[in-house]
Amino acid sequence: MSYYYLIAGLPDLNLNKAIDDRGKAKLDTGELMDTINRNLEPDDLAPFRYLIYPHDIRNFLTVLYKKHYDIADSAFLSPCLIDKDIIDNYSKHRGDLPPFMADFLREYEDQFTSMTPEEMEEKLWSSYYDQALECDPFVADYCRFERKVRQFFAAYNSSLFDFLSNPEFDDPALNHVGVGKSLTSEILRDFPFVEAMEKLMSNKNPLEIDAYSDRVIWNYLEQNVGFFGREQVYTYTIRLLMVAKWQRRNSERGEKCFIDLQENIKNKVRSQKTAVI
């Protein structure tokens, strides 16, 4: 199906401008998401939801971190698909959770007290990716690339911060990625963006790192040329979420949140009611 009129009616998006003007909200993201949602055909809605679920994942992790590690609440992200009340009271609303969250709880909830925050996050994301990769070819290709980018940054982070556990990678070659490590010719060929990462990660500026990561994904989406199909709607949705993230962020708050989260994880803050194994 052609979504010509939908796409033609949406405002242009500019990531660099959003990064430079962060904290100065201009787009009504909620209204735009509602417009997209209302105009998608039923068969195209399910993949669309998997593009929004990462916000729900972060909201869910905020609740789990607060409950099991006493890590302070983060702001509730929107747009999202799961109401805050359902997330806050997930044990009572399992039937209202998407299948990947319900599967995650069924498999790992009895292990929460012995898991680190990093392990909990990785297990939840793995459950999400397992299902996202099956829902649509475009979404699957995007998720594979986006996950690869996340794992590249995780590899560099683990080489910089001793308190981080060694992550598990889909591609064993990523075990050889990190500050001070020589990159293979295959990685440089397939992922040229990693050449700039060593200096970037060494500076340890969270906003610069996040901006670079978003630019890599934004540029990846440039290859998605087409004629107003659902893939172009999905591309717009991903980019809109990036712009929205920078609109609700400012430099001072972003730096403080990153430092606070880093210190919480580093010190392994846990509630006294939580067993430590």
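Atoms considered below: every heavy atom in the structure, side chains included; atoms not considered: hydrogens, waters and symmetry mates.
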Can you say whether the rings of Tyr50 and Tyr53 are parallel (under 30°), tilted (30 to 60°) or perpendicular (over 60°)?
perpendicular
Do Glu134 side-chain atoms and Gln131 backbone N/O form a donor-acceptor pair below 3.5 Å?
no
Give me the atom names and distance for the closest heavy-atom approach of Pro79 to His55.
O-ND1, 2.7 Å
Under 6.0 Å between ring centres, would you say that holds for Phe191 and Phe152?
yes
Please report the closest heavy-atom contact between Leu97 and Ala102, naming both atoms and the distance.
CB-N, 4.5 Å
Just to verify, which of Asp21, Asn16, Asp210, Asp20 counts as forming a side-chain contact (heavy atoms from CB on, under 4.5 Å) with Trp246?
Asp210
Measure the CD-OG1 distance between Gln223 and Thr235 for me, rounded to the nearest 0.5 Å.
9.0 Å
Of all heavy-atom pairs linking Ile87 and Asn59, the shortest is CG2-O, 3.7 Å
Looking at Ile209, is its backbone amide N or carbonyl O close enough to the side chain of Ser213 to form a donor-acceptor pair, meaning the two atoms are under 3.5 Å apart?
no
Decide, yes or no, whether a salt bridge links Glu121 with Arg150 under the criterion of side-chain N to carboxylate O below 4.0 Å.
yes
Neighbour count above 12 (heavy atom, 6.0 Å) for Lys17 NZ:
no
Verify whether the ring centers belonging to Tyr220 and Phe193 lie closer than 6.0 Å.
no
How about Tyr90 and Phe60: are their ring centres within less than 6.0 Å of each other?
yes
Checking Gln247 side chain against Leu27 main chain: does a donor-acceptor pair fall under 3.5 Å?
yes
Residue pair Phe228 / Leu6, side-chain heavy-atom distance below 4.5 Å
no
Verify the cluster assignment for Leu221 and Leu241: are they in a single hydrophobic cluster under the rule of side-chain heavy atoms below 4.5 Å apart?
yes
Verify same cluster id: Met201, Leu183 (apolar side-chain graph, 4.5 Å):
yes
Is Thr184 close to Arg189 at the side-chain level, that is, under 4.5 Å between some pair of heavy atoms?
no
Same hydrophobic cluster for Val233 and Leu13, using side-chain heavy-atom links shorter than 4.5 Å among ILVMFWY?
yes
Is it the case that one hydrophobic cluster holds both Leu77 and Met101, taking links as side-chain heavy atoms less than 4.5 Å apart, direct or via other members?
no
Within the structure provided, determine whether Phe100 and Ile57 are in side-chain contact (heavy-atom separation under 4.5 Å).
yes
State whether Glu122 and Arg147 are salt-bridged, where the test is any N-O pair (Lys NZ or Arg NE/NH1/NH2 against Asp/Glu carboxylate O) under 4.0 Å.
yes
Output for pair (Asp70 CG, Lys66 NZ), nearest 0.5 Å, gives 5.5 Å
How far apart are the closest heavy atoms of Cys143 and Ala132, and which atoms are they?
SG-CB, 3.8 Å
Quick one: do the Tyr3 and Asp44 side chains pair a donor with an acceptor below 3.5 Å?
yes
Does NZ or CZ of Arg239 lie under 6.0 Å from the centre of the six-membered ring of Trp218, at an angle within 45° of the ring axis?
yes
Looking only at non-hydrogen atoms, find the nearest pair between Cys80 and Ile52 and report the distance.
CA-CG2, 3.9 Å
Quick check: does any side chain N or O of Asn203 sit under 3.5 Å from a backbone N or O of Asn205, one acting as donor and the other as acceptor?
no
How long is the span from the CD atom in Glu109 to the CD atom in Gln111, to the nearest 0.5 Å?
11.0 Å
Give the minimum heavy-atom separation between Pro11 and Tyr236, together with the two atoms involved.
O-OH, 2.6 Å
With rounding to the nearest 0.5 angstrom, report the OG1 to CZ distance, Thr237 to Arg49.
13.0 Å
If you round to the nearest 0.5 Å, how far is CD1 of Ile238 from CG of Leu51?
5.0 Å
